[in-house]
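This structure is a prediction, so every number in the text was calculated from the model and none was measured. The chains referred to below are lettered A, B, ... by the order of the sequence lines, with proteins before strands, and numbering in each begins at 1.
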There are 2 protein chains.
Amino acid sequence: MNMPTQGLPHYRKLYEILRKQITDGVFVEGDILPSENELCTIHKLTRPTVRHALDTLVNEGFIRKHHGKGSIVHKLPKGIGILSIAGTTSALGKLNLRSEILVKPIVKPWNDPFMFKLSETEINSGCIYMERIRYYNDKPIFYDINFIPNINMPRFTSRIFENRSLFDILRKNYQIEIKGGEQKIRAIEANITIAQHLSVKVGHPILHLERKFDTNRPGFFIYSSIYCNTKEQAVFGIF
Amino acid sequence: MNMPTQGLPHYRKLYEILRKQITDGVFVEGDILPSENELCTIHKLTRPTVRHALDTLVNEGFIRKHHGKGSIVHKLPKGIGILSIAGTTSALGKLNLRSEILVKPIVKPWNDPFMFKLSETEINSGCIYMERIRYYNDKPIFYDINFIPNINMPRFTSRIFENRSLFDILRKNYQIEIKGGEQKIRAIEANITIAQHLSVKVGHPILHLERKFDTNRPGFFIYSSIYCNTKEQAVFGIF
DNA sequence: ACATTTAACTTGTATATACAAGTTATTGAA
DNA sequence: TTCAATAACTTGTATATACAAGTTAAATGT
């Protein structure tokens, strides 16, 4: 479970330490972190490095900084943090999240029309397609359809996905890291397929996210179409 | 229209310059910005300062950086960038956005229950309430209800809001800057009120955003409940 | 002509230092 | 006691420098 910090840059190690202290409750909402100079002394780092770590925490919403006062721990997200990238705020509700493969990865041509504009290379190589349902507290909340360009992805369709994060597999087996992305959000009515998968009536309002993920491979993007039942659980995000 | 850059820190000035060049089309998607060292020479700055400016552009989704290659201009948001804070990506569709006051600012007690947890101070001071409709291409897209704590906000209810951004007034008249925030997102069915304001049928799926904005005043937050008709226009965001 | 090595770029990380500006606690005068 | 000035914090901005690591283009060898 713990992230190995060896090999990581110093600022990243400090970030992981502080992040864990916040998520573990060592620091709670409203607490003031040790000052930058104190962190310098404790971890034998210089202020720019410490500030780099704190800046990362600010960007991910764990803390807010106030000029002249200090770094104040921010309220932790209560809902499901799908609006942020995996491994950050979304990890918080992980214990109650279970995923189930609906359609195992298969190689297919891209849908036409597709939700985002595709490059020639992407179109020509086809995509790896998979469907998944994610349960939160044993209720189906997310029904997502994923599209991965079939470029240099050996043996992908035969890998075992149950209980493993898609992004984890991409990182460990293919050295693909998610760097960010963009998304389009709509409210739609559930059609028959969505209704069945999410256990709602046809016509039920559904949150629809269309996402495009940037990776460390230039020109290589991952696409997801996610349908959420937000009846009981809202989707949460910081900005 | 132009932002005065005098008085701003150097990194911010460079940020504004590059941001404008991107939004004006001097640099288009896929273009590589001048290297950090070139920007240093051009603007007579050092690399940490230049990097500070570039980091800000990265955080707001204008560029992506690739180790060893350079800073690549990212695709500009096409939809309505309400997921980011005002003045950044949201400014792009501004020309087609028109707002109309539905309920002029009035002092009221807070709704009970309220969408976010309120502090004692907030509850005791009451709130300034206002409703607004925003049109995109002359169609009503957003119906938003805003709550501002009635703490040290003299003459707020008598100010003129037409065609002026709420955040602009807060900044210019009360020195309140929005620093970020959090939001909850749901898909709901339009009730009679929402249906009327957004010109849709009752039961139409509506995107509901509940937002809490952080400001530079510690403990001072602004709250908005926003209903969006996403039938034709999706809401856009980067992450 | 081709493949390999090298050099010249690029961004990433890190240190050391200095001063500005906002906040809080202390000190001192009335 | 009360208020104002001061000192001692805090984070914000900025410079100067160095090396690591990824990428690309040029030079070199076969």
Between [X] ([atom1]) and [N] ([atom2]), how many Å, whole number?
{"X": "A:Ile32", "N": "D:dC9", "atom1": "CD1", "atom2": "P", "value": "15 Å"}
{"X": "B:Asp55", "N": "D:dG12", "atom1": "CG", "atom2": "P", "value": "14 Å"}
{"X": "B:Arg64", "N": "C:dT11", "atom1": "CZ", "atom2": "P", "value": "17 Å"}
{"X": "B:Leu14", "N": "D:dT13", "atom1": "CG", "atom2": "C1'", "value": "14 Å"}
{"X": "A:Arg51", "N": "C:dT13", "atom1": "CZ", "atom2": "P", "value": "16 Å"}

Partners meeting side chain to side chain donor-acceptor pair (under 3.5 Å) with A:Ser125 (sequence neighbours left out): none

Residue that, paired with B:Phe213, satisfies ring pair (Phe, Tyr, Trp, His ring centres under 6.0 Å) out of B:Phe167, B:Phe221, B:Phe220: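 The ring pair (Phe, Tyr, Trp, His ring centres under 6.0 Å) with B:Phe213 is passed solely by B:Phe167 among B:Phe167, B:Phe221, B:Phe220.
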
A:Asn59: side chain to side chain contact (heavy atoms under 4.5 Å, CB included) partners, not counting sequence neighbours: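 Per chain and number, A:Asn59 pairs via side chain to side chain contact (heavy atoms under 4.5 Å, CB included) with B:Asn59.
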
Counterpart residues, side chain to side chain contact (heavy atoms under 4.5 Å, CB included), relative to B:Thr41 (two or more places apart): none

Protein-to-nucleotide contact annotation, 5' to 3' order, nucleotides 14-25 of chain D [B base; S sugar-phosphate only; - none; under 4.0 Å, heavy atom]: SBB-B--BBSS-

Listed pairs under 3.5 Å, donor-acceptor, residues 110-122 of chain B side chains, sequence neighbours left out:
residue: B:Trp110; atom: NE1; partner: B:Glu122; partner atom: O; Å: 2.6
residue: B:Trp110; atom: NE1; partner: B:Gly126; partner atom: O; Å: 3.3
residue: B:Ser119; atom: OG; partner: B:Glu122; partner atom: N; Å: 3.2
residue: B:Ser119; atom: OG; partner: B:Glu122; partner atom: OE1; Å: 3.4
residue: B:Glu122; atom: OE1; partner: B:Ser119; partner atom: N; Å: 2.9
residue: B:Glu122; atom: OE1; partner: B:Tyr223; partner atom: OH; Å: 3.3
residue: B:Glu122; atom: OE2; partner: B:Tyr223; partner atom: OH; Å: 2.9

Listed partners of B:Tyr129 passing ring pair (Phe, Tyr, Trp, His ring centres under 6.0 Å), at least two apart: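 Once residues adjacent in sequence are excluded, the partners of B:Tyr129 under the ring pair (Phe, Tyr, Trp, His ring centres under 6.0 Å) criterion are B:Phe147.
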
